[in-house]
Undergrad: 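Below: one structure in structure tokens.
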Amino acid sequence: KIPDFIAFFHLPNEKTNSWYTILPIKNKEKLQEFLKAEKFQIKNGNVYQKGSISLKIVDKILIAGSSETGFNNLEKIF
């Protein structure tokens, strides 16, 4: 099921053009296949990047953002 809306948010003490969203992962393998097919580059293990989009896979959660600087802070929450 696709959510009715996706909320984007900004973290304190980050640049104003840095935004994030959190999405559930139903099938990690399919997601990784999709990212490979869409030519996302693996930066380290579970962080992917394509252009200005950065993604981090944490268990069954996908953290997406325009920057990866807040990923570690967001990962602690989940």
Side-chain angles (χ1 to χ4, degrees):
K1 179 180 176 186
I2 297 174
D4 293 338
F5 62 91
I6 297 175
F8 294 94
F9 56 91
H10 175 78
L11 294 174
N13 302 318
E14 293 245 348
K15 294 180 182 179
T16 55
N17 63 347
S18 295
W19 55 265
Y20 301 93
T21 190
I22 308 290
L23 299 167
I25 298 173
K26 291 184 181 179
N27 187 315
K28 185 176 176 179
E29 291 77 24
K30 283 187 179 182
L31 173 61
Q32 289 172 321
E33 289 174 17
F34 171 79
L35 295 175
K36 184 177 179 180
E38 292 298 317
K39 306 210 182 329
F40 275 80
Q41 301 296 312
I42 300 174
K43 292 190 73 177
N44 63 35
N46 60 347
V47 176
Y48 297 79
Q49 185 172 13
K50 181 176 178 183
S52 62
I53 304 295
S54 296
L55 307 171
K56 184 169 187 178
I57 297 172
V58 182
D59 298 320
K60 294 195 177 256
I61 300 291
L62 176 68
I63 303 171
S66 61
S67 168
E68 63 183 85
T69 58
F71 283 176
N72 290 335
N73 289 332
L74 291 169
E75 185 177 353
K76 291 175 189 174
I77 296 170
F78 296 96

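Bear in mind the structure is a predicted one, so any value in this text is a computation, not a measurement.
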Undergrad: Do side-chain atoms of Asn27 reach the backbone of Glu29 as a donor and acceptor pair under 3.5 angstrom?
TA: yes
Undergrad: What residues, two or more places apart in sequence or in another chain, satisfy side-chain hydrogen bond (donor to acceptor under 3.5 Å, both in side chains) together with Lys28?
TA: none
Undergrad: Under 4.5 Å between any side-chain heavy atoms of Phe40 and Ile53, yes or no?
TA: yes
Undergrad: Just to verify, what does Gln41 make a side-chain contact (heavy atoms from CB on, under 4.5 Å) with, not counting sequence neighbours?
TA: none
Undergrad: Working to the nearest 0.5 angstrom, can you tell me the gap between Leu55 CG and Phe71 CZ?
TA: 6.5 Å
Undergrad: Measure from the side-chain N and O atoms of Thr21 to the backbone N and O of Ala64, and report whether any donor-acceptor pair falls under 3.5 Å.
TA: no
Undergrad: Tell me, yes or no, whether the heavy-atom count around Lys15 atom NZ, taken from other residues, nucleotides or ligands under 6.0 Å, exceeds 12.
TA: no
Undergrad: Only distances under 3.5 Å count here; give the side-chain donor-acceptor pairs of residues 30-39 to other protein atoms, sequence neighbours excluded, each with its distance to 0.1 Å.
TA:
{"residue": "Gln32", "atom": "NE2", "partner": "Tyr48", "partner atom": "OH", "Å": "3.4"}

Undergrad: Answer yes or no: are there more than 12 heavy-atom neighbours, outside Asn17 itself, under 6.0 Å from its atom CG?
TA: yes
Undergrad: Which distance, rounded to the nearest 0.5 Å, do you find between the CD1 of Ile63 and the CD1 of Ile22?
TA: 4.5 Å
Undergrad: Between OG of Ser18 and CG of Leu11, what distance do you get to the nearest 0.5 Å?
TA: 8.5 Å
Undergrad: Could I get the full list of side-chain hydrogen bond (donor to acceptor under 3.5 Å, both in side chains) partners for Thr69, not counting sequence neighbours?
TA: Glu14, Tyr20, Ser67
Undergrad: Can you list the residues that meet the side-chain contact (heavy atoms from CB on, under 4.5 Å) rule with Asn44, with sequence neighbours excluded?
TA: Asn46, Val47
Undergrad: Which residues satisfy the ring-ring contact (aromatic ring centres under 6.0 Å, His included) test with Phe9, sequence neighbours excluded?
TA: none
Undergrad: How many angstroms lie between atom CG of Leu62 and atom CG of Leu23, to the nearest 0.5 angstrom?
TA: 5.5 Å
Undergrad: Taking Gln49 for its side chain and Gly51 for its backbone only, find out whether a donor-acceptor pair lies under 3.5 Å.
TA: yes
